[in-house]
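Taking it in order: structure first as structure tokens, then the write-up.
First listed ligand is number 1; within each ligand, the first listed atom is number 1. Residue numbers count from 1 along this sequence.
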Amino acid sequence: MIAFLDYGAGNVRSVINGIESLGEKVKIVETAEDILSAEKLVFPGVGAFGSMMQILNEKKYVGPLKSYLQSGRPFLGICLGLQALFEGSEEAPGVKGLGFIPGMVRRFDINLSVPHIGWNGLNFMQPSRIFTGLRGDEKFYFVHSYHVVPTDGGVVLTTTDYEREFVSSIQIGNIIATQFHPEKSGNAGLRILKNFLHTSVEQAMPVRGSKSTRLAKRIIACLDVRATDQGDLVVTKGDQYDVREKGAVRNLGKPVELARRYYQEGADEITFLNITGFRDFPLEDMPMLEVLRQTSENVFVPLTIGGGIRDYIDMNGREYRALEVASEYFRSGADKVSIGSDAVLIVEEYLKTGRKTGWSSIEEISRVYGNQAVVISIDPKRVYVQSADAVRHQVIKTAIPGPNGERYCWYQVTIKGGREGRDLDAITLAQVCEQLGAGEILLNCIDRDGTNLGFDLELVNAVSDGVSIPVIASSGAGNAEHFYEVFTGTEAESALAAGIFHRREVPIGDVKSYLKDKVEVRL
Ligand code: 1PR
């Protein structure tokens, strides 16, 4: 039996699913006594350092955790579960960590995008039983803006390179903690979990050919989900956001089955967009939560869910906060939530008042779950203009002239699934969302959606130049070369596609084989 410390701040479902998929049973810690009597303890920290320590203090878990760690029994910390072992974090100045390992948690101070999101490798510093069965060149899923800096280098188990080398796991006897997420790292991650659970496994020291590790470009499969007119929840796909063909909603398959297929085919991440979320409130649309629950049972890569994340008042006058919707998604297995229409309204309000309220969905969810858990989904379309100063929006010069030979355009954002254009451009939206706490931008493009013409590289460049958080290029992929173009012609960290994967025109494996040796990918 594995004792499992869930302090209720994020998606721990996938760690439990990972452990259970290995045939082990999990007991959720409910009292301090459960920690003290545990034989093996898994602590998957999620959220933000400050709120994590606050909850651990409120639940009076800090003393028992320290005693457990002192006892030397097996402990696996994941992400914040690693950071918690240190004295404190720059994320929450003045808040004390468990102080089991001397040292601090520092924010990345680099020129690359922060958070560090995606699949990266490990430099092995010591042998460990968790490495048994690994080749050494596997990649693991990271998502974090902070990294640990131990005072004593002797505790370092692995390092990873992201502009600079940082500590990606530690080991002190039976105490192991990783910055990466084994439960989100496919088969290699499950192997690490399995090795941790079986304490009799021999130690191993994998050897990796290359000197440093590299973050892989991510290939994301996107499932636009909605109910058909008959009420069945299906994966659909639009042409420039029109999902109907001969009057009926296109049905391209069942969400859980398709997500599983994409996991098996090597998708680095899976995104579900509940595309009618703007009108159907998700907490009244339970099937979507069930889709997440079932998917996370055997899909061990990150899951993002979007659609309907906003404050809401139901027919009985009951008020729901966007945070509650997000929490329900996290509890059901999501790792990140994506906010579309609400982000536009928040930014409009911010630009009007010049003030952060502190209570917008972006601010609230990122405060509790961390920036990395908040993705902003943007649905822009091109508006051509005659000159750079024709409008007060951020205008770009374009190599694709407009219908009247226009050489300039701006990208107008929309809400409600592209139905309503707003007086706001995509670059400004992304920049303000970053300031409010968003961790990643999912950059769709209505003009390219479903066209197979390739990504709008000008749009991707304009937005990624304007922000320092990672950008996911989306819409228009028609072949493997389009992924090469977007990864070499822009700063996009990942590329998302839907139609070509659903229709099996270009399998994910073919995209990766094409990119291999040209662009860093996870194979
Ligand atoms: O506004 O917070 O409720 O979120 C609603 C979400 O649903 C938004 O993220 C919005 O992008 C999405 N959405 C709404 N309507 C549609 C639609 O298609 N009618 N889908 C929609 C957006 C775009 C991508 C698509 C790529 C790749 N779909 O998700 O998967 O364009 O497609 P391709 O590779 O086939 O070209 P809220």
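The distance from ligand 1 to the heavy atoms of Cys222 drops below 4.0 Å at these ligand atoms: 29 (O), 30 (O). The Ala497 neighbourhood of ligand 1 comprises atoms 34 (O), with distances under 4.0 Å to a heavy atom of that residue. If you number the atoms of ligand 1 from 1 as listed, the ones under 4.0 Å from a heavy atom of Gly499 come out as 33 (P), 34 (O), 35 (O).
At least one N/O-N/O distance between Gly450 and ligand 1 falls below 3.5 Å. Any N or O atom pair closer than 3.5 Å counts here, and Gly277 shares no such pair with ligand 1. Some N or O of Ser377 is nearer than 3.5 Å to an N or O of ligand 1, by distance alone. The shortest N/O to N/O separation between Arg419 and ligand 1 does not fall below 3.5 Å. In terms of polar-atom proximity, Ser475 is counted as a contact of ligand 1, with an N or O under 3.5 Å from an N or O of the ligand. At least one N or O atom of Ser341 sits closer than 3.5 Å to an N or O atom of ligand 1.
Of the protein's non-hydrogen atoms, Lys237 CE, 3.5 Å is the one closest to atom 33 (P) of ligand 1. For atom 11 (O) of ligand 1, the nearest non-hydrogen atom of the protein is Asp379 OD1, 2.6 Å. From the protein, the heavy atom lying nearest to atom 34 (O) of ligand 1 is Ala498 N, 2.9 Å. Of all protein heavy atoms, the one closest to atom 25 (C) of ligand 1 is Asp449 OD1, 3.6 Å. Ser474 OG, 3.3 Å is the protein heavy atom nearest to atom 26 (C) of ligand 1. Scanning the protein for heavy atoms near atom 12 (C) of ligand 1, the closest one is Ile275 CG2, 3.9 Å. At the shortest separation from atom 28 (N) of ligand 1 among protein heavy atoms lies Asp224 OD2, 3.0 Å. The nearest heavy-atom contact from the protein to atom 24 (C) of ligand 1 is Asn444 OD1, 3.3 Å.
Surrounding CZ of Arg504 are at most 12 heavy atoms belonging to other residues, nucleotides or ligands under 6.0 Å away. Other residues, nucleotides and ligands contribute more than 12 heavy atoms inside 6.0 Å of the CZ atom of Arg279.
Looking only at distances, a side-chain donor or acceptor of His482 sits under 3.5 Å from a matching main-chain atom of Asn479. Side-chain N or O atoms of Arg250 include one that pairs as donor or acceptor with a backbone N or O of Lys237 at under 3.5 Å.
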### Query
Given Arg261 and Glu265, is the salt bridge (Lys or Arg N to Asp or Glu O under 4.0 Å) satisfied, shown in steps?
CA-CA 6 Å; Arg261 189 183 111 203; Glu265 290 178 1; 3.1 Å; yes
### Task
Evaluate the criterion salt bridge (Lys or Arg N to Asp or Glu O under 4.0 Å) for residue pair Asp447 and Arg382; output intermediate values, then yes/no.
CA-CA 7 Å; Asp447 312 292; Arg382 258 176 195 240; 5.0 Å; no
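Taking the six-membered ring for Trp and thresholds of 30 and 60 degrees, Trp410 and His393 have nearly parallel ring planes, at less than 30 degrees apart. Ring geometry for Tyr162 against Phe108 counts as perpendicular: the plane angle is over 60°, on a 0 to 90° scale with 30° as the lower cut. Taking the six-membered ring where the residue is Trp, Phe330 and Tyr369 present tilted rings, their angle falling between 30° and 60°. Ring geometry, Tyr263 versus Phe300: the interplanar angle exceeds 60°, so the pair is classed perpendicular (tilted spans 30 to 60°).
Residue contacts with ligand 1 do not include Gly418, since none of its heavy atoms lies under 4.0 Å from the ligand.
With distances taken over non-hydrogen atoms, the option nearest atom 3 (O) of ligand 1 out of Gly308, Gly340, Ala495, Gly238 is Gly308.
A cation-pi arrangement is present between Arg367 and Trp359, with the terminal nitrogen or guanidinium carbon under 6.0 Å from the aromatic centre and inside a 45° cone about the axis.
Each of Ser474, Ser464, Pro380 was evaluated against Leu443; a single residue qualifies, Pro380, per the side chain to side chain contact (heavy atoms under 4.5 Å, CB included) test.
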